[in-house]
Amino acid sequence: MPQTLFDKIWSRHVVAQEPEAPAVLYIDLHLIHEVTSPQAFTGLRARGLRVRRPGQTVATLDHSIPTFSPDLPILDDLAAKQIQVMEANCAEFGLRLYGLHSPNRGIVHVIGPELGLTQPGMTIVCGDSHTSTHGAFGALAFGIGTSEVEMVLATQCLLQRQPRTCAVQVDGQLGPGLSSKDIILALIAKIGVGGGTGHVFEYTGPAIRALTMEQRMTICNMSIEGGARAGLIAPDETTFEYLAGREFAPSGADWEAAVARWRQLPSDPGAAYDKTVTLDASALEPMITYGTNPGMGLPITGRVPDPDALGDANQKLALDKALKYMGLRPGQPLLGQPVDVVFIGSCTNSRLSDLRQAAALFKGRKVAPNVRVLVVPGSQVVKRQAEAEGLDKIFLEAGADWRYAGCSMCIAMNGDQLQPGQYAVSTSNRNFEGRQGKGGRTFLASPLTAAAAAVTGRITDVRTLLA
Amino acid sequence: MAQFTTLTARLAALPINDIDTDQIIPARFLKVTDKAGLGAALFADWRYHADGSPKTDFVLNQPAAQGAQILLAGDNFGCGSSREHAPWALTGYGFRAVVSTSFADIFRSNALKNGLLPVVVDAATHAELLDLAEEAPTAALTVDLAAQTLTLPGGHTVTFPIDGFSKTCLLKGVDELGYLLGFADQIAAYEAARP
């Protein structure tokens, strides 16, 4: 029977399957960070357990660390303690940690691919819902809770029920001024934040094939915002080209053998999916959100929807509540909406190509008066690459702030955050109430749309600046 | 893990769709290294003013909700982040079950590992429970996990789905790691057979 990419990865990782019980699924790569792992190590100690395969767990610091120089003291005692606990746990259990001063430290979903740890056909987990990012390489990658982090540390396995599959077919090609962020925001606006629940997405079609690895990662990253725990893209020449020569990628004869194996992974012709969704990339405009979940998104020339036009009482209530929080009126255009802050960063859009896109727009322009712009590279490697190209100078000359790697204002638990009532255009993944700081109001968009808002001080159709 | 057999308790209604884990517990409360004490941060931004005083119009601050152990929420409860701090905050506050028409995948998985029962009901039952919460906010419901039933004060009983494995784990208070450790030999054999 023809198999999907998901079927192939799943079936190769089932260690055991008892009747009625979930499968015992083997995990190839486990990534951990300081926020969702401490209680798992406490659990191991309480049971007298060791880490089964220390070589298959890799740790970094990203969520609670400040994005100032790591040479500066960490003023938040709780964050400082979390970092110390992570260092102690990794030392005690023999795990590799890309720590505070490591040249490879960065956001967990940026450094995994960057180091070549993320490879096609793998199972990859992390105590972070954006683990779906790694699916861009044709790996089955999903977020887990801390109890599951403990299970993986102890057994290198998880108990999982087989999810259903959903093909996301993206036809056509993106127009100028658009990027993969617009594809994923359009998809989530179409299906809603619960649309993918119980499913794993596989993104297919010419618009996906045309994307670079970094652009593919942006799409897979936000699968969880559509409710899907994982999102996959079949590996191809673009994938192999990205991986070749990276530190932990296979080399020599092993590389040839690996590529031969990886070529067998794409879904077989005629393989069946439980569900299919289609999208036409050619018809897309730059996308932006207006509400308090990532499904509340619009083409940038659109108008804020009217709750009274909704038939469903619960949806009306949700939209009413969202517009009240956002301080927006039904029917108002988003174009021209003033913004206070622009954030360019996060595991969604902090890679070199994202920064290049933003920098191209900043070049020769200035940040609008009274707008604060924060540019935060996804890793220290990205930071050095950007600086080698002079991107930091472009950002600084325009009047933006240029920081060290970290999750920064995406999660607002590290000192970078919005003030109550402030409006931000953000390249991150969540516009939930308070996500970027208590009372802060977030518009999610692409790096290009964010840069356009930075230089104009308002929500702007970036295509008008590219002409 | 905390055992769950039966529960008779009152309901607190938060009938909002897509309640994300950033609302259940905002990220600034995640700078902890243990699980205890998170109940105080449950729904913090909906529950407290900036000065820390309670918002009196929020359901958990109303007299009728005191002692509630069952939360009634809208569709797709627990979407967003994978933070297990969300069920830790809910159980830390005193909730033992959440009733909704649907749950986000990671939240459901995390809840089941913490003795917090996700109860899925259909839209009609959800509406009936919401009416009950408005009309008789101190009335008690009974959840019987073995029978997979939810019984309303008037005696109306509905069944809810749960997979047999999770049900057994909850009824016996057995955790999944204990079960998984029993596969050590198969895991070793799998590792040995890998290319």
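Because the structure is a prediction, the values reported are computed rather than measured. All chains are named by letter (A, B, ...) in the order of the sequence lines, taking the proteins before the strands, and each is independently numbered beginning at 1.
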Verdict with reasoning, B:Asp144 to B:Thr149, per side chain to side chain donor-acceptor pair (under 3.5 Å): CA-CA 5 Å; B:Asp144 181 337; B:Thr149 56; 4.6 Å; no
So does [X] pair up with [Y], basic N to acidic O under 4.0 Å?
| X | Y | answer |
| --- | --- | --- |
| B:Lys113 | A:Glu150 | no |
| A:Arg435 | A:Glu225 | no |
| A:Glu433 | A:Lys321 | yes |

What part of [X] gets closer than 4.5 Å to chain B, counting heavy atoms only: side chain, backbone, both or neither?
| X | result |
| --- | --- |
| A:Leu49 | side chain |
| A:Arg430 | side chain |
| A:Arg12 | backbone |
| A:Thr197 | both |
| A:Val193 | both |
| A:His13 | both |
| A:Asn414 | neither |
| A:Asn314 | both |

Using non-hydrogen atoms only, which part of [X] is less than 4.5 Å away from chain A: side chain, backbone, both, or neither?
| X | value |
| --- | --- |
| B:Glu176 | both |
| B:Ile187 | both |
| B:Arg194 | side chain |
| B:Tyr190 | side chain |
| B:Ser109 | side chain |

More than 12 heavy atoms of other groups within 6.0 Å of B:Lys55 NZ: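 Yes, because the 6.0 Å sphere around NZ of B:Lys55 holds more than 12 heavy atoms from other groups.
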Other residues, nucleotides, ligands: >12 heavy atoms within 6.0 Å of A:Glu20 CD: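 No, because the 6.0 Å sphere around CD of A:Glu20 holds 12 heavy atoms or fewer from other groups.
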Interatomic distance, B:Arg28 atom CZ to A:Leu78 atom CG [nearest 0.5 angstrom]: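 Between atom CZ of B:Arg28 and atom CG of A:Leu78 there are 12.5 Å.
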Spatial distance of atom CG (A:Asn221) from atom OG1 (A:Thr348) [nearest 0.5 Å]: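 Here the rounded value is 3.5 Å.
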Pick from [options] with the largest number of heavy-atom pairs that fall under 4.5 Å of chain B:
| options | value |
| --- | --- |
| A:Arg229, A:Arg47, A:Glu34, A:Gln417 | A:Arg47 |
| A:Arg261, A:Glu18, A:Arg52 | A:Arg52 |
| A:Thr36, A:Ile144, A:Thr42 | A:Ile144 |

Output field: ring centroids B:Tyr179/B:Phe165 closer than 6.0 Å: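 Here the rings of B:Phe165 and B:Tyr179 have centres that are less than 6.0 Å from each other.
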Short side-chain to backbone donor-acceptor contact, A:Tyr26 and A:Thr123, under 3.5 Å: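 A pair under 3.5 Å: no.
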